[in-house]
Amino acid sequence: MIKTLFETTPLTAQEKVIVQYIQDHPDCLLEHNAKELAQLTYVSSPTIIRFVKKLGFQGYHDFQLTYVQEYMLHQKNISSRLNQESSINDVIEILPQIYQQVFHETKNMMQKASFVRTINYMLQAKQIDFYANDNNYSEVQSACLKLNALGIRAQAFNTLSQHYVDTFQPQDVLSFVVSHSGKNQTMVDAAYYLRKRRSRVIAITGVIDPTLSLICNESLYIDASLHHLPSSIMLYGLSIHYVLDTLITILMIKKDKLEKNIV
């Protein structure tokens, strides 16, 4: 997550120096406090504090703790990556470690407020539509099956039909648009047309490219980094699955509470 924040956050010249130092000395945050890091990077201590808050952390300790957790996971997995020499036993042992890191990275990107608003939109909608293609499509199909089992109308599309969109009332349908890169043109076009029709749209996307996020009402972020074998496609699929299952599980709990209150 922190690597992604370094790449996507607008930084001043001084802040870029801090990032460069951390990247050149990846273990520096394990042993240096804010004052020491400031001395090493030739900036002031307040500059360090402003830098970590710009990244979204409450303070240096919060930033340092998250960095150390990610650093340790990375170090643990350096020797755990699958390659052509991996045996069946290697795959059986290593895949759970890889899955754990994907879930950890995705969890760190989750913004509670966005999930709360999205769940409320889902409860208000008469129908939920998903737009995704390629490998993402199978993930949203699975989500539709689960939602329909809960009595919530849901369907999946791999492209947008303008004729279909023009037939429904915008307030009746909530649409999810999925793109791990955030710049899949088919998905960007779908989101743009839906928003043009004043329909609510939720992006499920990575954070590297903001194109899709800027169009949608809300964005739920996935881990779309390419950090492990055997396949990045499989890994961001796991991340999407985690986000969708989180939404569906919360929705199921909410519906149960509402039904009990009615009874």
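Worth saying up front: this structure is predicted, and the values here are computed from it rather than measured.
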ring-ring contact (aromatic ring centres under 6.0 Å, His included) with Phe130: of Phe157, Phe176, Tyr137, only one passes, and it is Phe176

Could you tell me if the side chain of Met122 sits less than 4.5 Å from the side chain of Ile152, heavy atoms only?
no

Ile204 and Leu244: side chain to side chain contact (heavy atoms under 4.5 Å, CB included), yes or no, with the steps?
CA-CA 9 Å; Ile204 299 180; Leu244 291 172; 3.6 Å; yes

Are Ser213 and Tyr221 packed together at the side-chain level, in the sense that at least one heavy-atom pair is separated by less than 4.5 angstrom?
yes

Within one Ile-Leu-Val-Met-Phe-Trp-Tyr cluster: Val52 and Val17, side-chain cutoff 4.5 Å
no

Quick one, Leu251 with Leu247, criterion side chain to side chain contact (heavy atoms under 4.5 Å, CB included). Give me CA distance, side-chain angles, the key distance, then yes/no.
CA-CA 6 Å; Leu251 194 63; Leu247 288 172; over 6 Å; no

Show, in sequence, the C-alpha distance, side-chain angles and deciding distance for Gln124 and Asn120, and conclude whether the side chain to side chain donor-acceptor pair (under 3.5 Å) test is met.
CA-CA 6 Å; Gln124 295 166 14; Asn120 288 333; 5.7 Å; no

d(Gln155 CD, Ile128 CD1) to nearest 0.5 Å is 11.0 Å

Any idea how Tyr21 and His25 line up, ring-wise: parallel (<30°), tilted (30 to 60°), or perpendicular (>60°)?
parallel

Can a donor-acceptor pair be found between the side chains of Ser87 and Asp90 at a distance below 3.5 Å?
yes

Ignoring hydrogens and geometry, is there a side-chain-to-backbone donor-acceptor pair from Thr249 to Thr246 under 3.5 Å?
no

Could you pull out the closest heavy-atom pair between Ala191 and Cys216, with the gap in Å?
CB-SG, 4.0 Å

Taking atom OH as the centre, does Tyr42 end up with more than 12 heavy-atom neighbours from other residues, nucleotides or ligands that are less than 6.0 angstrom away?
no

Dump the intermediate steps for side chain to side chain contact (heavy atoms under 4.5 Å, CB included) on Ile215 and Val201, then the final yes or no.
CA-CA 8 Å; Ile215 298 171; Val201 186; over 6 Å; no

Side-chain heavy atoms of Asn133 within contact of Met187, under 4.5 Å:
yes

Do Tyr121 and Asn217 pair up side chain to side chain, a donor and an acceptor below 3.5 Å, judged on atom types alone?
no

Counting only heavy atoms from other residues, nucleotides and ligands, does the tally under 6.0 Å from NZ of Lys54 exceed 12?
yes

Please report the interatomic distance CD1(Ile222) to CE(Met110), rounded to the nearest 0.5 Å.
11.0 Å

With Thr211, the side chain to side chain contact (heavy atoms under 4.5 Å, CB included) member among Asn184, Thr205, Val188:
Val188

Would you check, one step at a time, whether the test side chain to side chain contact (heavy atoms under 4.5 Å, CB included) holds for Val173 with Val165?
CA-CA 9 Å; Val173 179; Val165 174; over 6 Å; no

Is there a side-chain contact between Ile18 and Thr47, using heavy atoms and a 4.5 Å cut-off?
yes

What are the two closest heavy atoms between Asn136 and Ser179, and how far apart are they?
ND2-CA, 4.2 Å

Can you name the closest pair of heavy atoms from Asn158 and Thr186 and give their distance?
O-CG2, 4.2 Å

Using a 4.5 Å cut-off on heavy atoms from C-beta on, say whether the side chain of Glu139 contacts that of Asn135.
no

What is the distance from atom CG of Leu40 to atom NE2 of His32, rounded to the nearest 0.5 Å?
5.0 Å

Residue set satisfying salt bridge (charged side-chain N to carboxylate O under 4.0 Å, His left out) with Asp24, at least two apart, ordered chain then number -> none

Using side-chain heavy atoms (C-beta onward) and a distance below 4.5 Å, is Val102 in contact with Tyr242?
no

For the side chain of Gln64 and the backbone of Leu29, is there at least one donor-acceptor N/O pair under 3.5 Å apart?
yes

Distance in Å, Ser199 OG paired with Gln171 CD, rounded so as to fall on 0.5 Å steps
9.0 Å

NZ/Lys126 to CG/Leu174 distance, rounded to the nearest 0.5 angstrom?
14.0 Å

To the nearest 0.5 Å, atom OG of Ser142 lies from atom CD1 of Ile240 at 12.0 Å

Can you confirm whether Ile248 sits close enough to Leu150 that some side-chain heavy atom of one is under 4.5 Å from a side-chain heavy atom of the other?
yes

For residues Leu160 and Ala190, report the shortest heavy-atom separation together with the two atoms involved.
CD1-O, 3.5 Å

Kindly state each residue pair satisfying salt bridge (Lys or Arg N to Asp or Glu O under 4.0 Å) with at least one member in residues 174-184, sequence neighbours excluded.
none

Aromatic ring pairing Phe6/Phe63, orientation class (parallel under 30°, perpendicular over 60°, tilted between):
tilted

Decide if atom CD of Gln23 counts as having more than 12 heavy atoms of other residues, nucleotides or ligands within a radius under 6.0 Å.
yes

